[in-house]
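What follows is a single structure, written as structure tokens, with notes after it.
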Amino acid sequence: MRNIILLGAPGSGKGTQSEYLVKQFGFTHLSTGNIIRDNIERKTPLGVLCQQYSEQGQLVPDDIMIQMVENHLQTITGDLIWDGFPRTIIQAEKLDQLLQKLHSKIDYTLYFEINEKKIIERIIGRLTCPTCGLTYHKTALPPKVQGVCDNDQTPLVQRKDDNEAKIKIRLAAYHNDTAPLVQYYLNKQVLTVIDADMEGHAVWDQIMAVLK
Ligand code: AMP
């Protein structure tokens, strides 16, 4: 079991590159944001617990997130792409412990570095499939047929937290709680910086250079 963490601000392209990695190498994609949205959609107890936080752009408390990840880990196998977890130092420490118990470790942390102006453009234009979680962009990465997912033909939606007001809150949470993970993984000597200002293919090429 290999573990690759994709670390970066919201809108830095982690989800899109995860999809490519899943397609190319059959990695298992563990996106805590997708798990939360799926639970909200299905109105599960977990969804009810997370809804307020997630739709307002705030982080869900660590204990809820850690429990969610522990449960989810029991249902999946294979090499994992961690997208959106960990997002705090407490989550990162817990992940180290969980992986140690599984006789595993973090192989790579790819840090998607991006200019904030670009983030806002990307998030405001983003369309998401509520069924499979695939993401598109209205102009930069449109679906083949306008408004519907290429994968399963579900009508695409704009996420409730993908607007300018919520992005500001999400970026503040990123700077306060998540950005310190860059130093955390640098210290562990597993961090590689990816220039995520570039568009899709150029980002992919950088990732391939690391994983080859
Ligand atoms: P994302 O799809 O990764 O942008 O996540 C969407 C929202 O889900 C975030 O703004 C948080 O409210 C919540 N969320 C996802 N992952 C985490 C996490 N690791 N810790 C806390 N909240 C999270």
Side-chain angles (χ1 to χ4, degrees), residues 3-19 21-22 29-42 44 46-73 76 80-99 106 109-112 114 116 118-137 156-182 184-185 196:
N3 293 281
I4 302 170
I5 295 178
L6 304 191
L7 177 63
S12 58
K14 305 184 300 292
T16 305
Q17 298 298 326
S18 299
E19 288 155 21
L21 286 164
V22 169
H29 182 202
L30 198 163
S31 157
T32 42
N34 284 355
I35 299 172
I36 290 172
R37 281 184 291 278
D38 175 57
N39 276 278
I40 292 175
E41 183 84 15
R42 292 188 290 116
T44 66
L46 181 64
V48 172
L49 268 178
C50 295
Q51 184 159 16
Q52 275 293 86
Y53 299 103
S54 121
E55 290 180 358
Q56 293 308 315
Q58 289 159 350
L59 292 187
V60 172
D62 286 329
D63 51 346
I64 301 176
M65 290 309 303
I66 288 165
Q67 190 61 53
M68 177 196 293
V69 164
E70 281 194 271
N71 293 345
H72 197 76
L73 265 184
I76 53 178
L80 295 186
I81 310 274
W82 294 85
D83 168 10
F85 189 95
R87 254 179 163 99
T88 64
I89 295 281
I90 289 177
Q91 293 178 16
E93 288 171 347
K94 187 68 194 184
L95 180 58
D96 287 339
Q97 292 166 17
L98 283 175
L99 293 181
I106 290 149
T109 298
L110 306 178
Y111 166 46
F112 286 46
I114 185 168
E116 270 188 24
K118 206 136 211 173
I119 291 180
I120 299 188
E121 275 166 36
R122 284 195 189 170
I123 292 191
I124 286 175
R126 179 155 74 180
L127 296 169
T128 304
C129 174
T131 303
C132 71
L134 272 185
T135 56
Y136 301 84
H137 188 276
L156 299 174
V157 297
Q158 182 154 41
R159 276 169 48 173
K160 289 211 169 80
D161 56 347
D162 275 352
N163 57 64
E164 210 160 345
K166 300 290 156 47
I167 296 167
K168 299 230 161 91
I169 303 173
R170 289 161 71 196
L171 282 175
Y174 173 76
H175 288 301
N176 275 330
D177 298 305
T178 311
L181 293 181
V182 173
Y184 183 88
Y185 288 116

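Start at 1 and go down the list; that is how both ligands and their atoms are numbered. The structure presented is a predicted model; accordingly, all values stated were derived computationally and were not measured.
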- Message: Would K14 count as a contact residue for ligand 1, given that I'm defining contact as a non-hydrogen atom of the residue lying under 4.0 Å from a ligand atom?
- Response: no
- Note on the structure: For atom 4 (O) of ligand 1, the closest protein heavy atom turns out to be R159 NH2, 3.1 Å
- A student checking ligand 1 against Q91 at a 4.0 Å heavy-atom cut-off should list atoms 18 (C), 19 (N), 20 (N), 21 (C)
- Within the 4.0 Å heavy-atom cut-off, what P10 brings close to ligand 1 is neither
- Does a donor on one side chain and an acceptor on the other come within less than 3.5 Å for D161 and Y53? no
- Smallest heavy-atom separation, I5 atom then P86 atom, equals CD1-CD, 3.9 Å
- Task: Around atom 22 (N) of ligand 1, find the nearest protein heavy atom and jot down its residue, atom name and distance.
- Result: V60 N, 3.0 Å
- Task: Look at R87 together with D177 and state whether they make a salt bridge at an N to O cut-off of under 4.0 Å.
- Result: no
- Query: Can you check whether I35's main-chain N or O pairs, donor with acceptor, with N39's side chain at less than 3.5 Å?
  - Reply: yes
- Task: May I ask you to identify the nearest protein heavy atom to atom 12 (O) of ligand 1, giving residue, atom name and distance to one decimal place in Å?
- Result: Q58 O, 2.6 Å
- Of the protein's non-hydrogen atoms, which lies at the shortest distance from atom 14 (N) of ligand 1, and what is that distance? I36 CD1, 3.5 Å
- Item | ligand 1 N/O within reach of M65 N/O, cut-off under 3.5 Å | no
- Is any side-chain heavy atom of Q158 less than 4.5 Å from a side-chain heavy atom of R126? no
- Return the residue, atom name and 0.1 Å-rounded distance of the protein heavy atom closest to atom 5 (O) of ligand 1. R87 NH2, 3.4 Å
- SB check R122 D162 (cutoff 4.0 Å): no
- All heavy atoms of L171 vs all of A9, minimum pair found to be CD2-CB, 4.2 Å
- Which protein non-hydrogen atom lies closest to atom 7 (C) of ligand 1, naming both residue and atom, and how far is it? S54 CB, 4.1 Å
- Task: State the atoms of ligand 1, each with its element, that fall below the 4.0 Å cut-off from a heavy-atom position in R170.
- Result: 4 (O)
- Can you name the closest pair of heavy atoms from A92 and L181 and give their distance? CB-CD2, 3.7 Å
- Just which atoms of ligand 1 are under 4.0 Å from any heavy atom in T32? 15 (C), 16 (N), 17 (C), 19 (N)
